[in-house]
Every structure is written in structure tokens, then in C-alpha cells.
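Chain identifiers are assigned alphabetically (A, B, ...) following the order of the sequence lines, protein sequences preceding nucleic acid strands; residue numbering begins at 1 within each chain. A quick note: this is a predicted structure, and the numbers were derived from the prediction, not measured.
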Amino acid sequence: MEYNFKAIEKKWQDHWYNNGRFKALDFSDKPKYYALVEFPYPSGQGMHVGHIRAYSSLEIVSRKRRMEGYNVLFPIGFDAFGLPTENYAIQTGTHPRIVTDRNIEVFTNQLKQGGYSFDFDRVIDTTDEDYYKWTQWIFVQLFKKGLAYRDKTYINFCPSCKVVLSNEESQGGKCDRCDTGVVQKEKDVWFLKITDYAERLLTGLKDLDTLPRIRTEQENWIGKSTGAHVDFKVKDTDESMMVFTTRPDTLFGSTFMVIAPEHEIIERQKDKINNLDEIYKYKENAKLKTEFERVELAKDKTGVLIDGLVAINPVNDKEIPIFVADYVMIGYGTGAIMAVPGHDTRDYEFATKYNLDIIEVISGGDISKEAYTDSYNGILVNSGLLNGLKVPEAKEKIIQFLEEKKIGKEAVNYKMKDWAFNRQRYWGEPIPIIHCPKCGMVHVPEEDLPVVLPKVERFEPSDEGESPLSLIDEFINTTCPKCGGPAKRETDTMPQWAGSSWYFLRYIDPKNKEKLADFNKLKYWMNVDWYNGGMEHVTRHVIYSRFWHLFLYDIGVVPTEEPYKKRTAQGLILGPDGDKMSKSKGNIVNPLEIIEEYGADTLRLYTLFIGDYEQSTPWSDNGVKGSKRFLDKLARLEDKLSDEPNEKYLTILHKTIKAVSEDIESVKFNTAIAKLMTLVNELTKVKQIYTKDFEMVLKIIYPFAPHICEELWQRIGHAEDMVNAPWPLHDKSKLVESSIEMVVSINGKVRDRVKLSLDTPKEEVIALAMSAKKIKELVSGKDIKKVIVVPNKLVNIVI
RNA sequence: GCGGGUGUGGCGGAACUGGCAGACGCGCUAGACUUAGGAUCUAGUUCUUAGGAGUGCAGGUUCAAUUCCUGUCACCCGCACCA
């Protein structure tokens, strides 16, 4: 057959999409399978080869599942709110709505050119009013339960994007999008109380089938640590300061306290502080440093003694000095620590620098040289009631003591902070809240949702960083839903994470006007059986969406607690030069060009064959040709078809069916394809291929390269397409050959091989091995110490 | 610093519970068919002085180690003054 991929691919795409061949049916009798890929941001550049790789995995799984008799939901949509579109709008003056619609159209066409078996009847767009109505609805529910709240805090602010960033978006002290240094700014912001769900987000991970790396990244992000809260009285005041410590056992060794520069006690007790100017100056300096500098430059610890305030160590009533230092973070724990220089490296460094007492309370180290931080083998000393105990016992005892005396208690602390949930931007979901001078903050009634984004002329935030919505009077001015008096709308919008935190639920019932999704449909389809996406979304997106899902479960909207059963993450496709693909490096490979030159089947195949799916691998232009040649060879097999059965290749055929079936399930697409190539190579060598066998070959290649397989399938006489053709099962009896080759080695080195029949008894095997010519020569005159036989594999002779 | 991971030909990468290292693909070499080939097909392709050496490096366990153990080096990813 002449393999004219252009005509073939177009023909079959039209056939599939025009006939709704990939429609998922609600409540079908078949077992359901929900395969989810992270939906794309429809950027102006169109698809990236990374998209192809990300979708091809579950595309294969979905096609295979349909053949296995499942009712498959394999949806796609668009996560279309966000900065790039908005920035483009600012530059060109084109409304984001128009840009988004255009980009979505381009993306949809490209996805169809890839031949993906998405159910295009369920496409969602997060910027669609019918969609973000429900994003707002969820926000309202969170607000009603007190899980969405407004607070004044220091926020990460990007001076270039003029936008508030979450901790996740300002990792390393740089803006996620433009790399500008992030500055701290005090602002009124919306928070979602994700910390209330910290423990459940952690325990829920147990049931998620995923890589250790993905699991630990989420665990680290949640950052649970256990210890105690302890109150330190401040002398001559009625104040006490609470600290969090994981080492309450070292309490007797605490010789000073350190608080973050932002700690509130400074303001409350400023009358008592003699060196207030110095402290303010220190605080100003700390604020000027970006988070990044604070980490990088402050290896050398700095701090200022608070002159005028003295703390009292609650276990021995010793008076200890209090310092302000920026190595203590206001956002972690209580923003204050008890310093135990003898047994904490940072405190040790600080104490040495400022000449503070260092007391040994755990023996085993040498605290004249460095802090002794061993928490398993040490024995407590100089610690009153704890003396002689091992660290774990001491922890228990001191907590008991603290609780009896009401000066502290056992505590758990999480690194995770509440989720800063607002942006001063136009292209996002308006936060459905009304500020009433009488009633305070009131949510927009559910029946009035959505709060529609108004048309505006200008999309830039104001210079003070306020949302462009704040410039539109008709939008802002409204009436209070509670008292009917004049009130003002919230002008901030939600971050891009909002729409993607629940989108997988909407696929299940994308057109529902009454609810975000029908409960019975959710019951039928949930959970997501397999979710694939980028490694970069593993901490933020996965945690956020699990949080929303847990919340929706709590209020009875969804039937399951956790949304995902299995999560995988594809590795990046790097540029041919081995660097990450980027515009500036000019090493971007355009998938449309590859489709043009080699076809979609080849492209899909190659993005999976390129290497281990979960590993990053460089692109190779030549490598693509190999995948194309494979398909050419497959097409040429048509000439060998015959009505007569042929035994010659049956073993490899059935071995391949088995191996490919297994490899797909264990995310080993590269080896699955390698085995398919081997099979086709073998079939190329034989004279005749029985048509019935060839059908099986087509079926196992179909999920990878569906267009060419459909074409060949039709050419050998099938009227029905392959979408629901039954997946072949391997025949066990065909897996093993009756005669096998066994390796004969001497001292572990392969010297010869012998042919014999399967399951030959041990004695016979040895006899045969010994009589092999080469072996005879090498063994003659030597002492045979031992002979090991591994059935059907090898014989090892030890001399 | 802590956590996770990876080191195998010229390149991308295979190798199930220890059992023929280098599957498959690229590239390269030679040949065939060709006016031509950057198309296709066939054969070869870890290195190397017949023997041997070889999976980052140094040891160990074993009849047998890419695989298990100890130490060590390098790189990648994530978190990071986390109390």
C-alpha cells in the first residue's frame, strides 16, 4: 500500500469526529473509565510538542480501554483565564474574549489534526460564563463556611506584572512569569483556608497511586512537623510569647529568644523598648531584601537585641534576652523561636556571633565546637526533671509537664500557608462579594451568579496595583443583597488556579444549568481513574484541586473524598540541543510542521518512543524518521497477506500482544513501541502473513497510530471502524517455543549454547552441555567443582 | 543543608523477582537497486593486539551483579535560615 498519510489522516479524522465515535455515554452498562489530561492554556503560539506527549499517553490508554469494552470519558477543555492573553490584549488592544476564542479554535483544530480521541462534545472553557458561574459558586460556598476570608498581610508583589503572587508563584523570590524580584507589600487580600485541610491533604495521599517523587513533593509542600507550643512570659508585662518547637526536650538549654522583625510585640511594647530606632531600621532593611536575598545573603546571621524586653524561660525561670533577626520568618510557626544554641546550628551560629550562653542539655556531642543535633541517641543533662532520659522520652515528659503547668502543649505545625486567592487583574473570575458599609462583606446570592466580567476599554491594572475593574463605576456600584443599601463590588479577580481546581467535575456534566454537575452522573464517573499532567503542576494544582474536592465532598456536592486514583507526570521534551525549549533559544519544535512532513501517527509515536515517559529527553529530528519508517514497513506488510495460516511468527506475535498490553499499563510506552517495531521487523522477513493474524497486529498498533491502522483495517475488508474492535488477548500456549537455546557458561562467562527442548531434565541438560564441543575443550583436565542449572535459561560450570 | 532521582556504545535509550549487557531507534560503514539518492532493501556496528576488558569510581556478597550491600564522585529536580 502506498502510505499517503495526508489523505488517510484527514479521512479518518473526519470519520471519527463527524460520527461522534468518541462520545462518552452517561450511565452506560459498560464499566466506566475516566482518563484525564491537564487541559491546555490556549496560547497564541498553538500547540507545543509537549502537548502531544502529554496527551498521547492517555490517548493510548483510552483507545485501548474502548477496545477492552469500557465506556471511556476522555475529555479536553481550555484553561483560558490568565496573564498571557491579558498582556496580549494590553499590547494590541484586542479584547481577551476575542483572543481567547481565536486561540481555542486554533487549538481545537490542532488537536483534531493530531487525531486525539477526545470527546469534543464536552469541551469546556473556564472563561465561559456558564463555567465560571460555578467557580464563583464554589467560592461563595467557601465564604459561607468561613474558608474564604480577607486579611491584611504582607504579600509577595511583582512590581513588573503589578500583581500579587502566591508563595507558589514566587518560589526563589522571583516572579513565576517574568523573573522580576518579588517585593513584600502590605495589602488586604483574600485567602482560602487550605490549612484547615492540611492533615487530610496529607493522609489522602496514601490512596493516590503515583511516583515517590510526586508524593514527597506534596508532603514537603504541606510540611507537617510535630512538637510543642510553649509560652515565654515577658518580664514586667502581661504579655507572653508563644513559640513553636520540634525540640521541646531542649527547653532547658534555651538561652535567648529570637523573633521575626515583623513580630507584633514590637509595636505593642514599643514604650518599653529603648532602641526602637535601631529595630525599625533593621526591620526596614529586612523588608527591602527580597525573600531570595534574605535566604542567599543572610547566611551570616544578623540581628538586634531588644533593649528593654526580657523573656523568662518557663521551665527554669531564667531571664533570657530577646533578639530581632530575619532568620526567623513571620510566616512560619509563630514568628518567634526559643533559641537553643547548644543543639541547633542556626542558633549556635547566632550565639557565637553575639557571645551568648551555650548550654549543653544533651550529652554526646562537643558543643565547644558545634551544635549537637542528634535527637535519637543523646541523653538529657542539665535539664532538671528530664536528666538521664533519652530524647524521645524527654519530649513526651516535657510536653506532659508543660500541659500540667499550662505553659505549653503538644502542637502540629504545617509549612503550608493559606492560599492567597486574588489578583488585581482583568482576565479572571470576579470575586462574587459585595462590600456594604452596613453589613460588611456579603456574598452575591447564588441565584444572581455569575458576576459577569464587564466589558472594559483598558486592561492594565492601576499603578497602585488595583484591578482594572476598580475603574468601572457601573460595575462597582451596586446594592447590598442583605439591606438593599448602596454598596460596592469586590474588584479583584481570582487566580488562574481557580478554574482548574474543579474542571474535571464539569466534564461529567458540562451543560448543566442547575448544578455544577449532577450528583448521579458524578457518582457514575468519579473518580478520575488516571490523571496525567506536568511535573510542574504536581504540588500546586494537584493540592489545590484536592483541597476544593475535599471541601465539595464535605458540603455534599461530590460523592468521593479524593478526586484522583492515579497520577502520572510526563517528562519534558527538550530542544535538540538538550536545553529546555524556549523562544529565546530558538530551539522550539513545532508539532504542526512534523504533522505536515510525517503525519500525526508518526508524531504521536515518536513523542512516546523518544525515551522513558516520565523522564526528560531531547528531541531528535532524525529520530522522527525512524518512527515514520516503522509505519511505512507496517503498510508494506499488506502485500504479504494470505488466507493460509502461518505458524512461523506466532510466538513473537503473542509475546508482543502480552508485552504491549502490560507496558501500556505501566507507562512504558517506549518499550511497547520498541516491541511493536521488533514484531513488524520479524513479519517483514516472512513470506506470508495470515490475514487473521495481521488483524491482531493492527489492533495492538491502533492506539499508537490509529489512522494508518484504520485504513489498513478497512482495506482488508472491514466495514466497521476499529474504535470498539476487541483488544486481542495473548494465547498462553503460543508464548513458549518448544525448542529453546540454553547458554553454557564457565565461571560465569558465556562459552557456548546448546539447543534443546523445553523443560529438559537437569541431568540431561548437564550431559548435553558437557558434550558441547567448546565446553569439552575448555573443561578437559580441569576439576569441576560445581554445576548450576537455571531451568530453560543457562548452565554454569564452575572449575 | 534536607528530600527525591539519575549515571550503561558516537547519540536517545533497553535489560522481569540477580542469570547471554547494549533490545528498539538514530547515526555510521559496506553492498544491492538506481541517471542520481538525503528513497528503499541487505549485512555489519561497545572497545580491543588471537586473549580479554567493559554499565560514574573503589571495595564487598555470590557459581553468577547494570541489578544486592558499604563507601565515594558527578549531574538533575524539588524544598529551603521550617524553629
*For nucleotides U29(B) and C76(B), find the distance between their C1' atoms and express it as a whole number of Å.*
36 Å
Are there any protein N/O atoms within less than 3.5 Å of an N/O atom in nucleotides 40-44 of chain B, and if so, which ones and at what distance?
unit_1, atom_1, unit_2, atom_2, d
U40(B), OP1, R629(A), NE, 3.4
C41(B), OP1, R636(A), NH1, 3.1

*E614(A) CD - U6(B) P separation (whole Å)*: 11 Å
*How many Å lie between CD on E370(A) and C1' on G1(B), as a whole number?*
13 Å
_Taking C28(B) as the reference, what is the distance to G78(B) when you measure between their C1' atoms (whole Å, please)?_
40 Å
*Classify the nucleic acid contact of V750(A) as base, sugar-phosphate or nothing, counting any heavy atom under 4.0 Å across all strands shown.*
sugar-phosphate
*Test Y613(A) against every option in T568(A), N532(A), T607(A), N670(A) by the side-chain hydrogen bond (donor to acceptor under 3.5 Å, both in side chains) rule and name the one that passes.*
N532(A)
*Using the C1' atoms only, state how far G10(B) lies from G22(B), rounded to an integer number of Å.*
14 Å
Are there any protein N/O atoms within less than 3.5 Å of an N/O atom in nucleotides 10-12 of chain B, and if so, which ones and at what distance?
unit_1, atom_1, unit_2, atom_2, d
G12(B), O2', I610(A), O, 2.6

_Heavy-atom donor-acceptor pair, R753(A) side-chain to C20(B) base, under 3.5 Å_ = yes
*Tell me: CD of Q218(A) to C1' of G3(B), nearest whole Å?*
15 Å
*How should the glycosidic conformation of G9(B) be described, syn or anti, under the criterion that syn lies within 90° of 0?*
syn
_Any carboxylate oxygen within less than 4.0 angstrom of a Lys/Arg side-chain nitrogen, looking at K675(A) and E662(A)?_
no
*Taking C-beta and beyond as the side chain, do W619(A) and M581(A) meet within less than 4.5 Å on heavy atoms?*
yes
*Which whole-number value in Å describes the distance from F256(A) CZ to A83(B) C1'?*
12 Å
*Which stems, defined as runs of 3 or more consecutive Watson-Crick or G-U wobble pairs with both pairing distances under 3.5 Å, involve RNA chain B?*
B:1-7 with B:73-79, B:10-12 with B:24-26, B:27-32 with B:40-45, B:46-48 with B:51-53, B:56-60 with B:68-72
*Rounded C1' spacing from G37(B) to A32(B) in Å*: 14 Å
_Could you tell me how far A21(B) sits from A30(B) if I compare only their C1' atoms? Round to whole Å._
27 Å
*Any K793(A) side-chain nitrogen or oxygen under 4.0 Å from OP1 or OP2 of G19(B)*: no
*Between U61(B) and C16(B) - C1' atom distance, rounded Å*: 23 Å
*From T602(A) atom OG1 to R629(A) atom CZ, the distance as rounded to the nearest 0.5 Å*: 11.5 Å
*Looking only at side-chain atoms of K301(A), point me to the closest of C26(B), G4(B), C81(B).*
C81(B)
*Rounded P spacing from G18(B) to C2(B) in Å*: 31 Å
*Would you tell me if any nitrogen or oxygen in the side chain of K749(A) comes within less than 4.0 Å of OP1 or OP2 on A53(B)?*
yes
*Measuring from M416(A):CE to K224(A):NZ, what's the distance to the nearest 0.5 Å?*
11.5 Å
_For the backbone of G571(A) and the side chain of R53(A), can you confirm whether one donor and one acceptor N or O come within less than 3.5 Å of each other?_
yes
_Measuring from atom CG of L634(A) to atom CD1 of I708(A), what distance do you get when rounded to the nearest 0.5 angstrom?_
5.0 Å
*Value in whole Å for how far the C1' atom of A83(B) lies from CG of D347(A)*: 7 Å
*Quick one: E682(A) CD to A23(B) P, roughly how many Å, whole number?*
14 Å
*asked:* For M535(A) and I337(A), find the nucleotide of RNA chain B closest to each by heavy atoms; which residue's nucleotide sits nearer the 5' end?
replied: M535(A)
*What's the CG-P distance between N796(A) and U62(B), to the nearest Å?*
15 Å
_Can you confirm whether E665(A) is buried at CD, in the sense that more than 12 heavy atoms of other residues, nucleotides or ligands lie under 6.0 Å from that atom?_
yes
*Under 3.5 Å, side chain of Y327(A) to main-chain N/O of G303(A), donor-acceptor pair present?*
no
*Send over the distance from D663(A) CG to C24(B) C1', rounded to a whole Å.*
12 Å
*Nearest to the side chain of Y327(A), which nucleotide is it out of G78(B), C63(B), C81(B)?*
C81(B)
*asked:* Would you say K668(A) places a side-chain N or O within less than 4.0 Å of OP1 or OP2 belonging to A15(B)?
replied: yes
*asked:* Among C26(B), G19(B), C82(B), which nucleotide has an atom closest to any side-chain atom of Y332(A)?
replied: C82(B)
_Counting the atoms with a prime plus P, OP1 and OP2 as sugar-phosphate, which does N670(A) contact under 4.0 Å by heavy atoms, base, sugar-phosphate, or nothing?_
sugar-phosphate
*Given side chains that start at C-beta, do those of F232(A) and S254(A) come closer than 4.5 Å, heavy atoms only?*
yes
*What integer number of Å spans the P atoms of U40(B) and C26(B)?*
9 Å
*Check whether any side-chain nitrogen or oxygen of R751(A) sits under 4.0 Å from OP1 or OP2 of G52(B), and answer yes or no.*
yes
*So, do I214(A) and M535(A) sit near enough that their side-chain heavy atoms are less than 4.5 Å apart?*
yes
*How long is the span from the CG atom in D621(A) to the NZ atom in K625(A), to the nearest 0.5 Å?*
8.0 Å
*Under 4.5 Å between any side-chain heavy atoms of V795(A) and M770(A), yes or no?*
no
*For C82(B), take OP1 and OP2 only and decide whether either is under 4.0 Å from a side-chain N or O of R346(A).*
yes
*Taking for each residue the nucleotide of RNA chain B with the nearest heavy atom, is it M677(A) or G333(A) whose nucleotide lies nearer the 5' end?*
M677(A)
*Return the orientation label for the F350(A) and Y354(A) ring planes: parallel under 30°, perpendicular over 60°, tilted otherwise.*
tilted
